[in-house]
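To start, the structure itself, in structure tokens.
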Amino acid sequence: MKSRCFSLAALLLALVLAVSFAGCGGGGGSETPGAGSGGDAQTVKIGGIFDLTGGTGDVGAPYAEGARAYVDYYNNKGSGTKVVLEDIDYAYQINRAKEAYDKLVKSTGVAAILGWGTGDTEALKSFIARDKIPYISGSYSEGLADINTCPYNFLVAATYSDQARVALKWAKENWKESRKPRVAFVFNDTPFGRSPVEDAKKFASELGFEVIGDEVIDLKALDATTQMLGLQKKQADFAIIQGTSNLTATTLKDAKKLGLKTQFIGLNWAADEKVIQLAGPAAEGYIGVIPFAFPYDQVPGMGEVKAYLEAKGKKLEDVNQKFVQGWVSAKIMVEAINRAGTNPTGESIRAALETLDGYDTGGLCAPVTYTAESHRGSEKVRLAQVKDGKFVYLTDWIGYK
Amino acid sequence: MQVRNPLVMDCGIFTASYEDDMAILFHPAARLKVLFILIVLAAFPLVANPYYVGLANLVGIAVIGALGLNILTGFTGQISIGQGAFMAVGAYTTGILMAKLGLSFWLALPAAGIVAAMVGAVFGIPSLRLKGLYLAIATLAAQVIIEFIIIHWVGLTNGPAGIVLPAPVLFGYSLESDTAFYYLILALCLAAVVFALNLFRTRPGRALMAVRDRDLAAAVAGINLFRYKLTAFALASFYAGISGALWGAYMRVISPEHFTIAVSILYLAMIIIGGLGSVMGSIYGACFMTLLPIILREAADGISPFFPQIGNTILALQEAVFGLIIIIFLIFEPEGLAKLWKNVKDYFKLWPFSY
């Protein structure tokens with residue numbers, strides 16, 4: 001009897017789910033695909049594929065928050081095209097990214113997308129090109145800068161490879177000893193982690209580094225002792241980290257525990273306030289490649305971030321640099337949507353993005369330039385070193401060329 | 001014209017030949033039902049939004065993979081945590097043949113199945129000596145080794161960068177759209193289901209089940225254990241290979257990230273939820289596990305306008321709810337969705353005299 005009741009309950013549940021799901025289907029199907037179906041106030045839908053709960057959620061969640069915040073801020077300003085951001089958490093899983101992309105493009109009918117990871121953006125690039133969806137990803141992988149295979153992908157900051165090159169060039173210039181400096185690479189075994197490694201190794205050899213090898217650490221690893229022992233044995237002078245805050249903090253802590261002399265330099269996602277928070281004193285002296293401003297930087301662009309947060313009852317101290325990254329990415333996309341005129345479509349937004357020439361975000365990132373030949377927004381970054389629990393800039397905006 | 005209670009189906013049908021006795025669709029009403037389902041499946045992409053067709057494609061690919069694993073684990077009793085890796089073999093075979101050698105998809109697809117079957121058979125060799133948890137760890141090794149090879153044999157697989165595949169072409173017509181791909185997957189799914197249904201009515205199929213139930217007794221009864229266990233591994237991997245090949249051709253890009261141990265565990269969960277040793281259960285399980293996260297997400301989206309402040313909490317809760325639903329299902333019906341569905345049918349069939 002009991003099991004029969006359960007069977008019936010399960011059947012009812014299944015029916016309810018099926019009906020609600022079919023309901024979603026009807027709703028999705030009846031919407032007009034494409035943008036600008038509004039009346040007087042023009043409305044454009046854009047999509048967000050973010051990682052809030054997956055492997056890179058530590059940096060993905062503040063990034064998504066920043067992107068949402070900018071769209072909110074912009075809509076409250078009340079001028080120009082209204083932008084609706086429909087975002088989906090894909091938990092850093094490529095198959096879910098594809099599903100989310102299909103939903104956004106085929107069901108929601110978005111004109112452009114703010115994406116996230118390297119693996120999924122790479123996986124989606126052929127669809128992005130086919131569907132003509134301007135796509136700003138959280139990934140700055142060199143592969144996405146190839147305009148022939150990725151005509152609709154745009155990078156808002158220097159590519160990982162360029163970031164690594166800047167770091168290596170700086171390290172070489174500040175190298176005092178007469179022997180060759182030894183450099184190692186610390187990364188996670190994903191397309192994101194491996195993205196800059198080949199390019200960076202090549203550049204390091206050209207600069208006169210001795211490239212001594214790789215250490216692979218998992219994104220969610222809580223222990224990196226083995227890898228740090230490896231670095232210790234090879235006597236690395238420099239180690240370039242490509243990972244996220246968690247991985248970096250683990251690395252720095254274990255390196256300190258073993259007393260390594262290696263100077264660690266982390267690329268964009270490996271360098272933010274969270275690293276200092278998690279690694280504590282072990283973060284002292286750590287150098288980050290910083291393509292975006294910190295919330296405490298005195299730059300004009302931070303004024304609107306501050307105004308928005310205060311209107312929401314928050315302070316600049318409540319957000320971190322990854323929030324600023326999300327904010328900037330959304331800002332650039334929205335700027336292009338505004339420039340695209342009436343009824344922005346994928347193609348017109350792409351054309352509008354290509355009109356950005358030295359676009360100044362008020363110092364939130366290096367000036368961004370897109371042309372029909374290149375969608376690399378910028379090649380410049382700043383280097384900052386942790387001193388007394390805070391990133392202090394070592395350089396101004398520099399490139400490697 | 002006889003008037004019958006439409007809910008009472010199996011009463012009063014008598015067969016006069018062995019052929020009728022052996023029919024899968026025993027009752028005329030069952031034949032009608034299957035015909036109806038086929039018509040619905042065939043018409044689905046014509047009426048549905050392309051997004052839902054895309055979802056159906058993901059489900060279809062999962063059905064083939066889950067069926068394969070169910071043949072191995074559910075019907076033959078050889079536990080495997082390597083299904084994701086065997087899918088990877090299929091996907092990479094297709095990718096290498098299509099993108100690097102320029103072969104047609106129609107050659108690459110069977111090749112993917114065959115290569116995966118061979119690799120699967122090799123990793124099935126320990127099954128003669130190992131059982132249960134020991135075998136699970138041996139198949140886990142397959143997962144780790146194959147993943148390692150894919151990441152590090154860069155010359156063949158492009159390593160973590162992955163391979164981009166061209167769209168399959170049929171008679172000069174590119175199967176790029178979701179709808180075209182849907183029919184390809186549907187056809188292969190039907191073939192996979194029909195083959196599996198019939199397999200367990202044949203001598204080799206029965207032998208597989210004998211191996212599962214008591215391998216010593218099966219050996220005494222004259223079943224060559226080594227041969228049948230390897231056959232089961234090869235067959236399961238063949239299904240996985242086809243599933244992986246379809247996945248690659250549909251996603252158009254493959255990288256090692258697609259085929260992690262999480263995928264293997266997901267497929268294991270599919271057949272456990274759906275019903276071990278049940279062909280239909282594999283289908284239910286594949287649908288359930290593929291669609292549940294999406295349904296939960298939609299539900300969270302639906303709730304969040306009413307409770308905006310807990311929007312992010314719901315997102316985090318989704319994973320927990322996902323786990324909870326699975327646990328509840330397993331507690332109340334360990335034999336899976338297939339048994340649950342049978343209970344529901346029995347209830348109506350026997351009503352009002354259920355005892």
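Just so we're on the same page: letters track the sequence lines, and every chain starts at 1.
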(request) Mind listing the closest non-hydrogen atom pair of B:N49 and A:S107 along with its distance? (result)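 In terms of heavy atoms, the two residues are closest at ND2-CA, 3.9 Å.
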Measure distances from [X] to the heavy atoms of chain B and classify the residue's part below 4.5 Å as side chain, backbone, both or neither.
X: A:Y101; answer: neither
X: A:T190; answer: both
X: A:I88; answer: side chain

Would you check if [X] and [Y] make a side-chain contact, meaning some heavy-atom pair closer than 4.5 Å?
X: A:R96; Y: B:I294; result: no
X: A:Q93; Y: B:H258; result: no
X: A:E99; Y: B:Y51; result: yes

(request) To the nearest 0.5 angstrom, please state how far the CD atom of B:E147 sits from the CG atom of A:D189. (result) 9.0 Å
Residue [X] excluded, over 12 heavy atoms near [atom1] under 6.0 Å:
X: A:K201; atom1: NZ; value: yes
X: B:F148; atom1: CZ; value: no
X: A:K202; atom1: NZ; value: no

(request) Answer with side chain, backbone, both or neither: which region of B:Y250 has an atom nearer than 4.5 Å to a non-hydrogen atom of chain A? (result)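 Both backbone and side chain of B:Y250 come within 4.5 Å of chain A.
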(request) Check each atom of B:D178 against the heavy atoms of chain A and say whether the ones under 4.5 Å are side chain, backbone, both or neither. (result) side chain
(message) Test side chain to side chain contact (heavy atoms under 4.5 Å, CB included) on B:I151 and A:R194; report intermediate values, then the result.
(response) CA-CA 11 Å; B:I151 291 175; A:R194 288 189 173 266; 4.1 Å; yes
(request) Would you please test B:R297 and A:K103 for side chain to side chain contact (heavy atoms under 4.5 Å, CB included) and show each step? (result) CA-CA 12 Å; B:R297 192 186 69 211; A:K103 178 169 163 44; 3.2 Å; yes
(request) Apply side chain to side chain contact (heavy atoms under 4.5 Å, CB included) to A:I94 and B:S255, showing your working. (result) CA-CA 9 Å; A:I94 293 174; B:S255 84; 4.0 Å; yes
